[in-house]
Amino acid sequence: MGEILSYLAAALPADVSAGARLLALQCALRTNAYMRVDLPAGLLRGLRIDVMKACQELAQARWLSVIDGPGPAGIAAVIHDVLAQSPARPDRRRAADWAMRSGCPAQMGATEPQLRLLGLHLTAHSDPSSGEGLIERNRVVRNCGIRDQELHGALNRLTANDVLDGWRICPESEDVHWTLASGQR
């Protein structure tokens, strides 16, 4: 999961919103061998994003073209990014399902997409047994489409929502260290 999040950070312009990044993640993980993806309306509702706006952002970035929708049945789109890696693998579907569950935990409720994407990113980069993680601050900011000055507040809100047990940023290296709450492992 960490690899696909890093791929999207490189493939999408820095100003693409967190909601569009969540949609791009589902598209990248669910695309078929012809680079087409069909996302049902229920899955889109589960993302809790402005799907129309996210589709427009991804189309403007020339990352995808919407063929049909968004509408009552969902969306159908074609991904244009030639760097999309090994589409249509069965493990990608499982990863997409995991991302939906991890990116939208019940305790976060209707939290904004930026916070859910950050929680998903940290969970994907955590040790599965200990729940601990370490990553460069600038990488977190870039991969999650979050402004540097918003990172402290977002990490505090993840802690308040029981996604993280705690976190700190090392002043020397600027690495973000965190521990997931026990319910997130």
Side-chain angles (χ1 to χ4, degrees), residues 1-32 35-81 84-85 87-126 140-147 150 154 157-158 161-164 180 183-184:
M1 182 59 61
E3 292 172 7
I4 196 76
L5 289 167
S6 295
Y7 151 72
L8 288 172
L12 297 172
D15 62 344
V16 169
S17 72
R21 289 174 188 277
L22 286 170
L23 180 62
L25 175 64
Q26 288 299 317
C27 289
L29 292 171
R30 295 176 186 274
T31 188
N32 66 22
M35 303 304 286
R36 181 184 162 115
V37 63
D38 296 293
L39 299 177
L43 185 140
L44 297 173
R45 277 191 303 277
L47 287 174
R48 295 189 300 260
I49 62 170
D50 182 340
V51 176
M52 182 69 79
K53 181 181 176 211
C55 286
Q56 289 171 346
E57 283 185 69
L58 295 174
Q60 187 173 12
R62 297 189 173 136
W63 193 79
L64 68 68
S65 291
V66 175
I67 299 168
D68 189 26
I75 65 165
V78 174
I79 297 176
H80 296 297
D81 192 340
Q85 307 158 1
R89 290 183 2 206
D91 60 326
R92 292 275 172 108
R93 174 91 42 197
R94 286 189 300 277
D97 292 341
W98 178 87
M100 283 296 294
R101 289 189 308 276
S102 298
C104 302
Q107 69 266 31
M108 289 183 70
T111 307
E112 70 269 12
Q114 187 177 51
L115 196 60
R116 288 185 280 126
L117 182 60
L118 177 60
L120 174 62
H121 183 74
L122 297 178
T123 302
H125 287 89
S126 299
V140 172
V141 168
R142 171 72 175 115
N143 290 2
C144 296
I146 190 169
R147 289 193 299 260
E150 296 174 335
R157 289 179 35 222
L158 287 176
N161 282 316
D162 295 323
V163 174
L164 300 178
L180 294 176
Q184 291 300 112

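These numbers come from the heavy atoms of this one structure, side chains and all, not from hydrogens, waters or symmetry mates.
- By the side-chain contact (heavy atoms from CB on, under 4.5 Å) test, Asp68 is found to be paired with Ala76, residues two or more places apart in sequence or in another chain being considered.
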* Asked: Can you check side-chain contact (heavy atoms from CB on, under 4.5 Å) on Leu58 and Val66, steps first, answer last?
  -> CA-CA 9 Å; Leu58 295 174; Val66 175; over 6 Å; no
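- Under the rule for a salt bridge (Lys or Arg N to Asp or Glu O under 4.0 Å), Arg62 has no partner lying at least two apart in sequence or in another chain.
- Partners of Glu150 according to the side-chain hydrogen bond (donor to acceptor under 3.5 Å, both in side chains) rule, which considers only residues two or more places apart in sequence or in another chain, are Gln114, Arg147.
- With Ser126 contributing its side chain and Leu122 its backbone, the two residues share a donor-acceptor pair below 3.5 Å.
- Within the 4.5 Å cutoff, no side-chain heavy atoms of Cys144 are placed close to those of Arg21.
- Legend: residues meeting side-chain contact (heavy atoms from CB on, under 4.5 Å) with Pro40, ordered by chain and number and at least two apart, are Leu43.
- Contact record, Ile146 with Val140: CG2-O, 4.2 Å, taken as the closest heavy-atom pair.
- Two residues are said to be in side-chain contact when any heavy atoms from C-beta on lie closer than 4.5 Å; Glu112 and Arg157 meet this criterion.
- For Ala18 against Pro113, the heavy-atom pair with the smallest separation is CB-C, 3.7 Å.
- Across every non-hydrogen atom of Arg36 and Asp38, the tightest pair is NH2-OD1, 3.0 Å.
- Note that OH of Tyr7 is 7.5 Å distant from CG of Leu12, once rounded to the nearest 0.5 Å.
- The side-chain contact (heavy atoms from CB on, under 4.5 Å) search around Ala77 returns Val37, Leu64, not counting sequence neighbours.
- For the residue pair Gly71 and Ala41, the shortest heavy atom distance occurs at O-CB, 4.4 Å.
- Side chain of Glu57 to main chain of Ser17: a donor-acceptor pair is present (N/O by atom type, distance under 3.5 Å, no hydrogens or angles).
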* To do: Give the C-alpha distance, both sets of side-chain angles, the deciding distance and a yes or no for side-chain contact (heavy atoms from CB on, under 4.5 Å) between Leu23 and Leu44.
  => CA-CA 8 Å; Leu23 180 62; Leu44 297 173; 3.8 Å; yes
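- Contact record, Ala61 with Val16: CB-CG2, 4.5 Å, taken as the closest heavy-atom pair.
- Not one N or O on the side chain of Arg30 forms a donor-acceptor pair closer than 3.5 Å with the backbone of Leu39.
- Side-chain contact between Leu164 and Leu180 is present, with at least one heavy-atom pair separated by less than 4.5 Å.
- Panel note: side chain Arg116, backbone Leu47; a donor-acceptor pair is recorded below 3.5 Å.
- Closest approach of Ile75 and Cys55 over heavy atoms only: CD1-SG, 4.0 Å.
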